[in-house]
Amino acid sequence: MGCRQTKETPCVTEITEFDPLTDNGVTTIPSVDPRLPLNARQVFKLKQSWKGIKRKIAETGVEMFVRLFKSNADLMAIFDKVTNIESEDELRQNEYLEQHATLVMTTLDEAITKIDDYDHVKNHLNRTGATHQRFDVFRSENFRKIREPFIEAVKITLGDRYTDYMANVYEITIDFILKALEDGFLDNNNPVEQKIIVTDHSTEQPEVTKIEHCRVNDVTNKEQAKT
């Protein structure tokens, strides 16, 4: 449907979607929760950009973990099935790492696709952070170590679409996500699932306690099966 335009009354079209790419004086910008460290324009751009990551979520996740282990080799001791892998090519082809990386990226996907629902995202990340209390060797600072590997992996996947503007948006976003994960981990009021401890006796080195990744529901289901 069109409208008739006169000199006195300019034609006005209804704005049904916020388009942050235009700067035409529109004042009906969707509001965001003030607790969120992103504005409406940044939220919109983030969601649009993330679609490119989601199409390659496994590859991006593996790239993130490969870079994490390159800069923090000690963290490989936490993951039982990748500890003895020496080459980067082997890491990239490891099925367990791909599965774990995809699971981590799925958590990030839930947070980013629903980023404008502050309470849902914060609770989701707090609960996820709290599940890591089960792992005897995990420390809160480990969350922060994923920051740069995440940024680099996203940059590689997006290529030319990773502009200076988007770099800033992703940095703000991952800082928010990691802080929420860390808060959940450090919150003693969160229920702690069964501790998972696997001790490696395969070498003459001092014992290294390792964790085998599993979902919270896996532990819960095993406990229910015993009753």
Side-chain angles (χ1 to χ4, degrees), residues 32-39 42-43 46-47 50 53-54 57-58 60-62 64-65 67-69 71-72 74-80 82 96-154 169-198 209-224:
V32 296
D33 194 305
R35 294 170 294 177
L36 195 67
L38 299 168
N39 60 37
Q42 291 171 322
V43 167
L46 175 65
K47 287 185 172 183
W50 186 252
I53 301 297
K54 198 166 184 175
I57 199 163
T60 305
V62 169
M64 179 176 69
F65 270 93
R67 290 177 173 272
L68 173 67
F69 293 149
S71 58
N72 300 273
D74 57 301
L75 292 182
M76 290 185 70
I78 296 178
F79 299 90
D80 184 62
V82 301
Y96 169 78
L97 182 61
E98 180 178 348
Q99 291 171 2
H100 180 75
T102 302
L103 184 60
V104 171
M105 291 297 290
T106 300
T107 296
L108 298 179
D109 175 64
E110 175 72 12
I112 291 175
T113 56
K114 298 179 180 178
I115 193 69
D116 46 357
D117 187 347
Y118 179 89
D119 289 324
H120 169 77
V121 170
K122 189 72 183 302
N123 291 334
H124 169 66
L125 294 172
N126 285 165
R127 289 195 304 269
T128 302
T131 63
H132 289 70
Q133 294 174 5
R134 298 174 296 137
F135 303 134
D136 190 60
V137 297
F138 196 87
R139 300 293 179 264
S140 62
E141 57 267 24
N142 289 344
F143 288 119
R144 291 287 170 179
K145 293 178 180 179
I146 204 71
R147 184 186 188 275
E148 294 307 318
F150 169 80
I151 293 295
E152 290 299 319
V154 167
V169 171
Y170 274 109
E171 287 170 5
I172 294 172
T173 302
I174 194 61
D175 285 341
F176 167 73
I177 289 173
L178 297 179
K179 179 64 165 59
L181 289 169
E182 189 174 12
D183 288 346
F185 179 83
L186 295 174
D187 186 358
N188 292 327
N189 292 322
N190 283 314
V192 180
E193 298 291 337
Q194 174 183 332
K195 287 281 186 180
I196 300 177
I197 306 175
V198 179
T209 305
K210 303 178 181 179
I211 61 174
E212 180 76 38
H213 176 78
C214 71
R215 299 174 186 266
V216 178
N217 290 338
D218 292 341
V219 176
T220 304
N221 292 339
K222 289 179 181 178
E223 291 300 318
Q224 291 176 345

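Each residue takes its place number in the sequence, starting with 1.
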Distance from Leu103 atom CG to Asp109 atom CG, nearest 0.5 Å? 11.5 Å

How many angstroms lie between NZ in Lys122 and CG in Leu36, if you round to the nearest 0.5 Å? 11.0 Å

With sequence neighbours left out, what residues match Gln99 under side chain to side chain contact (heavy atoms under 4.5 Å, CB included)? none

Do the rings of Tyr170 and Trp50 sit parallel, tilted or perpendicular, given the 30° and 60° boundaries? tilted

When rounded to the nearest 0.5 angstrom, what distance separates CZ in Phe185 from CZ in Phe138? 6.0 Å

Could you report the tightest heavy-atom contact between Val121 and Lys114, atom names first, then the distance? CG2-O, 2.9 Å

Contact check, side chains of Ile115 and Phe176, non-hydrogen atoms, under 4.5 Å: yes

Enter the distance from Ile177:CD1 to Leu125:CG here, rounded to the nearest 0.5 Å. 6.0 Å

Distance col, row Ile146:CD1 vs Leu178:CG, nearest 0.5 angstrom, shows 8.0 Å

Nearest 0.5 angstrom please: Phe150 CZ to Glu171 CD, how far? 10.5 Å

With distance as the sole test, does Asn126 use its side chain to make a donor-acceptor pair with the main-chain N or O of Ala180 at under 3.5 Å? yes

Determine, step by step, whether Thr173 and Gln42 satisfy the side chain to side chain contact (heavy atoms under 4.5 Å, CB included) criterion, reporting the C-alpha distance in whole Å, the side-chain angles of both residues, the deciding distance to 0.1 Å, and the verdict. CA-CA 10 Å; Thr173 302; Gln42 291 171 322; over 6 Å; no

Can you tell me how the ring of His132 sits relative to the ring of Phe143, calling it parallel under 30°, perpendicular over 60° and tilted otherwise? perpendicular

Is there side-chain contact between Met64 and Val154, with heavy atoms separated by less than 4.5 Å? no

Work out which heavy atom in Asn142 is nearest to a heavy atom in Val137; give both atom names and the distance. ND2-O, 4.4 Å

Distance-only, no hydrogens or angles: does the Thr131 side chain make a donor-acceptor pair with backbone N or O of Thr128 under 3.5 Å? yes

Do you know the tightest heavy-atom contact between Leu68 and Lys145? CD1-O, 3.3 Å

Non-hydrogen atoms of Gln133 and Gly184 that approach each other most closely: NE2-O, 3.4 Å

Take a 6.0 Å sphere around NZ of Lys179 and say whether it holds more than 12 heavy atoms from other residues, nucleotides or ligands. no

Taking all atoms of both residues into account, what is the closest heavy-atom pair of Ile112 and Lys47, and its distance? O-CG, 4.1 Å

Heavy-atom side-chain proximity of Arg144 to Glu182 below 4.5 angstrom: yes

Locate the shortest heavy-atom distance separating Met76 from Val82; write the atom from each residue and the value. CE-O, 2.9 Å

